[in-house]
Amino acid sequence: MELLPLLTALLLAHALACLAWTAAARRRQSRCYLLDYVCHKPRDGRKISTETAGDVVQRNKRLSLSDYRFLLRVIVRSGIGEETYAPRSIIEGREDAPTLRDALDEMDAFFDEAIAELFARTGFEPRDVDVLVFNVSMLSPAPSLASRIVRRYGLREDVAAYNLTGMGCSAGLVALDLARNALRTRPRAVALVVSSESIAPNWYSGTDKSMMLANCLFRSGGAAVLLTNDPAHRGRAKMELSCLVRAHIGANDDAHACALQREDAEGRVGISLSKALPKAAVRAFAVNLRRLAPRVLPVSELARFAARLLSRRLLPHLQSSGKKAGGDAPKIDFKTGVDHFCLHPGGTAVIEAVKKSLGLDDDDVEPARMTLHRWGNTSASSLWYVLSYMEAKGRLKVGDRVLMVTFGSGFKCNSCVWEVTGDMADKGAWADCIDSYPPERLANPYMDKFGWINDVEGDTLML
């Protein structure tokens, strides 16, 4: 009779050991390590200075004087510098009649250089890739661009390939989330995440002001990222993903329509950016931060914020007599849980709005501002240029935590937190210019030539 309890105890112990081992294995498999990333630097022949941008504007014979003044005002205020890049079709004056070949050539230039460099830098081969996630919002040929990468680099027949379109500037973190989830189902796997945007076929040549803004902001670029969940590679990884939070407020009509591809009154297609965009961004940002804060901030900061909020609501008579009721709302200090802020350089107004919301200083938003100046808004790949700026400046040390925040049509706000685990000292795409950043002044030549335009009232809030 004593044998039965012993066997029962042994079986229970075995079951608990199996459960513990399974839990540990799943935890290891749920890890997501950043092995390396490459930001694409197009050839110098594709640079579009403000002078060139002005020439492109003047080529559009449909523009009236007021339209021209509006675009010049946008260029002056954009925060974009002299060395951003455009597709060859625009440089060569064919923006009004682009072809599918133009669009594919723009993608191929990126594929051939950035992805090849990523494999060369990491030592991994294309056939080591288990998961491929590609995202570009404004181009969806058949076969897909993900398939184009598979064919171009000879990826394995069992590679899990995903192609995302129409997800806007926040697609980079959507792709990252998809890759992380795909890795969870595959032990010791490698994922290639590729983010870009198609500018060539999406230049707007009409006169609708809400649709003309995109021409001034978006530029060519892209990023290729290599991830793994294999703990054997942790020692060579640059960072580990701590958490990722996504917020989507597209159920709201104004938010859904604030960044929308549509036809204008004359049937020309473009991206319309409405006056509701800043409001939608703030709302999506607030939703995202409410979910993010408990995951990244210390208990002490959450308790401090909760205490101040309760005190303000329950004991309003104790507020300082010199302050208006509701004028001193408590804010969470994200710097207690985050060391660096990698913000989407969607435009100067977007950067300033996030800076104000999080209580950041100029140093915190410097990487985003400099990325906007040097590269423009490269859509979903922009965050990787911002991260590369931090790395090139030598700011990322082991143990540091980096918060990425991005916004996109839908309307979406996505964020994630990385922890630096390895050496981050590569200058990447910034190698030839990082020593000159930040420049003494960010004003482009049009500021000197057309500075008077700033005195004219106009709708450029989303910049």
Side-chain angles (χ1 to χ4, degrees), residues 17-39 114-115 117-133 155-156 158-160 162 172-195 223-245 292 295-296 298 337-342 383-384 386-388 390-404 414-428:
C18 287
L19 287 174
W21 184 88
T22 302
R26 286 181 177 176
R27 179 173 175 79
R28 287 194 301 272
Q29 198 165 311
S30 67
R31 301 281 191 180
C32 184
Y33 303 106
L34 172 67
L35 293 170
D36 210 340
Y37 65 100
V38 169
C39 296
I115 299 177
E117 182 181 347
L118 180 63
F119 285 132
R121 287 177 57 170
T122 60
F124 282 82
E125 298 293 334
R127 295 189 70 82
D128 294 327
V129 175
D130 302 284
V131 177
L132 167 65
V133 182
L155 272 60
R156 297 197 318 263
D158 63 343
V159 67
Y162 302 89
L173 294 192
V174 176
L176 177 63
D177 190 26
L178 177 55
R180 178 188 62 169
N181 290 334
L183 287 176
R184 284 174 173 168
T185 67
R186 297 166 174 81
R188 302 181 184 277
V190 173
L192 172 63
V193 177
V194 184
S195 299
V225 182
L226 205 62
L227 308 167
T228 184
N229 62 349
D230 189 347
H233 294 310
R234 186 183 189 279
R236 62 182 296 186
K238 288 189 170 184
M239 299 193 296
E240 180 179 350
L241 184 63
S242 297
C243 70
L244 191 151
V245 175
L292 178 70
R295 303 187 185 193
V296 301
V338 175
D339 301 292
H340 307 280
F341 296 85
C342 186
L383 283 179
W384 298 105
V386 180
L387 182 70
S388 182
M390 297 176 184
E391 182 174 4
K393 282 292 186 181
R395 298 181 181 180
L396 303 177
K397 310 299 181 185
V398 174
D400 286 356
R401 305 185 84 195
V402 182
L403 170 63
M404 286 183 166
N414 300 325
S415 65
C416 71
V417 175
W418 294 93
E419 181 179 347
V420 179
T421 58
D423 178 57
M424 297 193 71
D426 293 329
K427 297 187 184 297

Just to verify, what does K393 make a side-chain hydrogen bond (donor to acceptor under 3.5 Å, both in side chains) with, not counting sequence neighbours? none
Compare every heavy atom of [Y] with every heavy atom of [X], then report the nearest pair and how far apart it is.
X: R180; Y: C32; answer: CG-CB, 4.2 Å
X: G422; Y: V398; answer: O-CG2, 3.8 Å
X: I115; Y: A224; answer: CG1-CB, 4.1 Å
X: C243; Y: V296; answer: SG-CG1, 3.7 Å
X: A425; Y: E391; answer: N-OE2, 3.3 Å
X: M390; Y: F341; answer: CE-O, 3.0 Å

Just wondering, do [Y] and [X] contact through their side chains at under 4.5 Å, heavy atoms?
X: Y162; Y: V131; result: yes
X: H340; Y: L396; result: yes
X: L132; Y: V194; result: yes
X: L292; Y: L403; result: yes
X: V159; Y: D130; result: no
X: L118; Y: L192; result: yes

Under 3.5 Å: donor-acceptor pair, side chain of D230, backbone of A232: yes
Just by modelled atom types, is the L173 backbone N or O under 3.5 Å from a matching donor or acceptor in the D177 side chain? no
Could you grab the distance from atom [atom1] of [X] to atom [atom2] of [Y], nearest 0.5 Å is fine?
X: D158; Y: R127; atom1: CG; atom2: CZ; value: 8.5 Å
X: R188; Y: T228; atom1: CZ; atom2: OG1; value: 9.0 Å
X: L226; Y: F124; atom1: CG; atom2: CZ; value: 6.0 Å
X: D426; Y: Y37; atom1: CG; atom2: OH; value: 7.5 Å
X: R186; Y: N229; atom1: CZ; atom2: CG; value: 10.0 Å
X: T421; Y: L241; atom1: OG1; atom2: CG; value: 11.5 Å

For D36, which of M424, R236, R121, M239 qualifies under side chain to side chain contact (heavy atoms under 4.5 Å, CB included)? R121
Should V193 and L178 be marked as a side chain to side chain contact (heavy atoms under 4.5 Å, CB included) after you check the CA-CA gap, both sets of side-chain angles, and the distance that decides it? CA-CA 9 Å; V193 177; L178 177 55; over 6 Å; no
With salt bridge (Lys or Arg N to Asp or Glu O under 4.0 Å) as the rule and sequence neighbours excluded, what pairs involving residues 395-404 come up? E366-R395
